[in-house]
Amino acid sequence: AELVRGGRNRVQVNRQRLGRTRELLGVMRVTVFSPDDLVIVKDGPAQRRRFLDDTLVALATKYDAIRLDLDRVMRQRNTLLKQAGGRLTDEIALTLDVWDERLVTVGEQLGYARATLVARLTPMVVEAYDQLAGVSAPVDVVYEPDWRRTGLAAALAAARDTDVRRGISSIGPHRDDVDLALNGMPARTHASQGEQRTLALALRLAAHRLVAERTGSTPVLVLDDVLSELDPGRAAALLGHLPDGQIVITSAAGLPPDAHPGRVIEIESGTVVGAP
């Protein structure tokens with residue numbers, strides 16, 4: 001990979017230049033955890049959907065195509081609903097039937113994949129959280145959108161009048177959420193920031209472990225300035241439970257005593273000043 005100042009970056013795999021970022025999927029798996037990952041727990045549903053879908057893509061690149069198909073169908077359906085202007089004519093209903101059929105196909109696929117992923121991830125999240133926190137705490141990861149109980153086709157039919165009136169799709173995997181709870185309480189509103197950060201890290205480490213086990217290829221683990229955001233106890237616990245494989249740790253505040261890196265590279269003002 002070549003990063004070009006003032007120009008387009010260039011990436012080659014086996015000396016073949018790649019034209020699109022998507023072509024890198026499956027070539028080199030990487031798990032990245034940064035302080036920004038706190039949004040997985042603290043922010044809205046979109047961040048948790050993205051976490052699930054990114055993990056699915058790391059497991060199998062076919063899920064990237066499914067995700068793109070869903071985005072395309074949703075754009076077309078929402079455009080149609082806006083054009084309807086609140087009136088369900090026969091022509092609008094007929095076209096909606098077409099897009100709903102496609103939405104059901106791709107939506108059911110993605111919903112099943114997300115549910116299966118959450119079922120596999122949850123025990124790994126619980127284990128990772130206990131290791132990082134140093135205490136056992138009930139952790140719940142729940143993905144149960146209402147439309148999966150009735151089926152997406154029935155849910156879309158029931159919501160059609162509402163969707164036409166509002167001019168937007170109100171039901172489907174694009175609006176799903178994942179409930180994260182600690183000690184039986186929603187982590188987003190009732191957990192401390194330290195607990196939220198620990199849960200976000202546990203989610204990333206669990207996904208890393210699942211991808212390594214399922215694909216037989218351990219991703220490179222990148223901890224981007226994470227240690228400075230953890231208290232000494234959690235930082236030591238993280239270092240003591242790092243998974244096998246290649247790990248890259250960045251830090252703006254130096255490394256704690258428990259870190260034993262194979263190599264240290266120091267960068268000052270954008271220049272490498274130490275590379276033993």
Side-chain angles (χ1 to χ4, degrees), residues 19-23 25 36-119 121 140-181 186-189 200 203 207:
R20 298 179 301 170
T21 303
R22 290 186 60 233
E23 294 176 23
L25 295 176
D36 290 343
D37 276 352
L38 192 60
V39 299
I40 298 174
V41 179
K42 288 187 66 173
D43 281 13
Q47 299 295 339
R48 290 179 283 281
R49 289 196 300 270
R50 181 177 178 180
F51 166 74
L52 288 186
D53 294 346
D54 285 350
T55 303
L56 286 172
V57 173
L59 287 165
T61 57
K62 68 178 182 180
Y63 291 111
D64 184 59
I66 292 175
R67 181 166 57 178
L68 289 174
D69 283 347
L70 175 66
D71 290 343
R72 181 179 61 85
V73 171
M74 293 311 308
R75 284 196 303 270
Q76 296 288 349
R77 190 177 193 271
N78 286 334
T79 297
L80 178 64
L81 289 171
K82 290 176 183 177
Q83 292 173 347
R87 296 177 61 249
L88 185 60
T89 65
D90 290 343
E91 183 180 357
I92 292 293
L94 185 61
T95 310
L96 264 180
D97 287 343
V98 174
W99 288 116
D100 284 2
E101 183 178 353
R102 297 183 184 180
L103 178 54
V104 167
T105 299
V106 68
E108 291 281 7
Q109 282 182 302
L110 188 58
Y112 176 80
R114 286 174 175 175
T116 302
L117 173 61
V118 168
L121 270 183
D140 295 307
V141 184
V142 180
Y143 171 75
E144 293 180 351
D146 290 341
W147 64 264
R148 293 204 73 234
R149 299 190 185 97
T150 61
L152 187 51
L156 287 172
R160 174 167 289 194
D161 289 343
T162 300
D163 287 357
V164 172
R165 184 175 68 253
R166 295 174 58 188
I168 194 169
S169 302
S170 61
I171 296 293
H174 63 294
R175 298 183 65 88
D176 291 350
D177 197 1
V178 180
D179 295 324
L180 302 174
R188 181 171 179 265
T189 55
L203 286 164

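Since the structure is predicted, the reported quantities are computational estimates derived from the model, not experimental observations.
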task = For the residue pair Leu59 and Leu117, establish whether any side-chain heavy-atom pair is separated by less than 4.5 Å.
result = yes

ask   = When rounded to the nearest 0.5 angstrom, what distance separates OG1 in Thr105 from CG in Leu70?
value = 11.5 Å

query = Does a side-chain heavy-atom distance below 4.5 Å link Leu103 with Trp99?
reply = no

ask   = For Glu91, what residues pass the side-chain contact (heavy atoms from CB on, under 4.5 Å) criterion, not counting sequence neighbours?
value = Thr89

ask   = Taking the side chain as C-beta and beyond, is there a heavy-atom pair between Leu110 and Leu56 under 4.5 Å?
value = yes

ask   = Is atom CD of Glu101 surrounded by more than 12 heavy atoms (other residues, nucleotides or ligands) closer than 6.0 Å?
value = no

task = Provide the closest heavy-atom pair for Ile171 versus Ala155 in the form atom of the first, atom of the second, distance.
result = CG2-CB, 3.7 Å

ask   = Does any non-hydrogen side-chain atom of Asp53 lie less than 4.5 Å from one of Tyr63?
value = no

message = Could you report the tightest heavy-atom contact between Val164 and Ala84, atom names first, then the distance?
response = CG1-CB, 4.3 Å

Which atom of Arg160 lies closest to which atom of Asp97, heavy atoms considered = NH2-OD1, 2.9 Å

remark   = Rounded to the nearest 0.5 Å, the CZ atom of Arg102 sits from the CZ atom of Arg72 at a distance of 6.0 Å

remark   = To the nearest 0.5 Å, atom CZ of Arg50 lies from atom CZ of Arg67 at 8.0 Å

ask   = Is there a side-chain contact (heavy atoms from CB on, under 4.5 Å) between Thr55 and Leu52 once you walk through the steps?
value = CA-CA 5 Å; Thr55 303; Leu52 288 186; 5.9 Å; no

request  = Nearest 0.5 Å please: distance from the CG atom of Leu88 over to the CG atom of Leu96.
outcome  = 7.0 Å

ask   = Which pair of heavy atoms, one from Gln47 and one from Ile40, lies closest together, and at what distance?
value = CB-CA, 4.1 Å

query = From Asp64 CG over to Asp69 CG, what is the distance, rounded to the nearest 0.5 angstrom?
reply = 9.5 Å

query = With the threshold set at 4.0 Å, does a side-chain nitrogen-carboxylate oxygen contact exist between Arg48 and Asp179?
reply = no

message = Show the nearest heavy-atom pair for residues Gly111 and Trp147, with the distance to one decimal.
response = CA-CH2, 3.9 Å

message = So which atom in Ser170 and which in Arg175 form the shortest heavy-atom distance, rounded to 0.1 Å?
response = O-CD, 3.0 Å

message = Side chains of Asp163 and Ile168, heavy atoms from C-beta outward: is any pair under 4.5 Å?
response = no

key: Approximate separation, where rounding is to 0.5 Å, of Ser169 OG and Leu80 CG   = 9.0 Å

ask   = Within a strict 4.5 Å, meaning less than it, do heavy atoms of the Arg49 and Arg114 side chains meet?
value = yes

key: Neighbour count >12 (heavy atoms, 6.0 Å) for atom CZ, Arg149   = yes

ask   = Hey, are the side chains of Arg188 and Leu180 touching, using non-hydrogen atoms and a 4.5 Å cut-off?
value = no

ask   = Of all residues at least two apart in sequence or in a different chain, which pass the side chain to side chain donor-acceptor pair (under 3.5 Å) check with Asp36?
value = none

inquiry  = Do Pro173 and Leu152 make a side-chain contact, defined as non-hydrogen atoms from C-beta onward lying under 4.5 Å apart?
reply    = yes

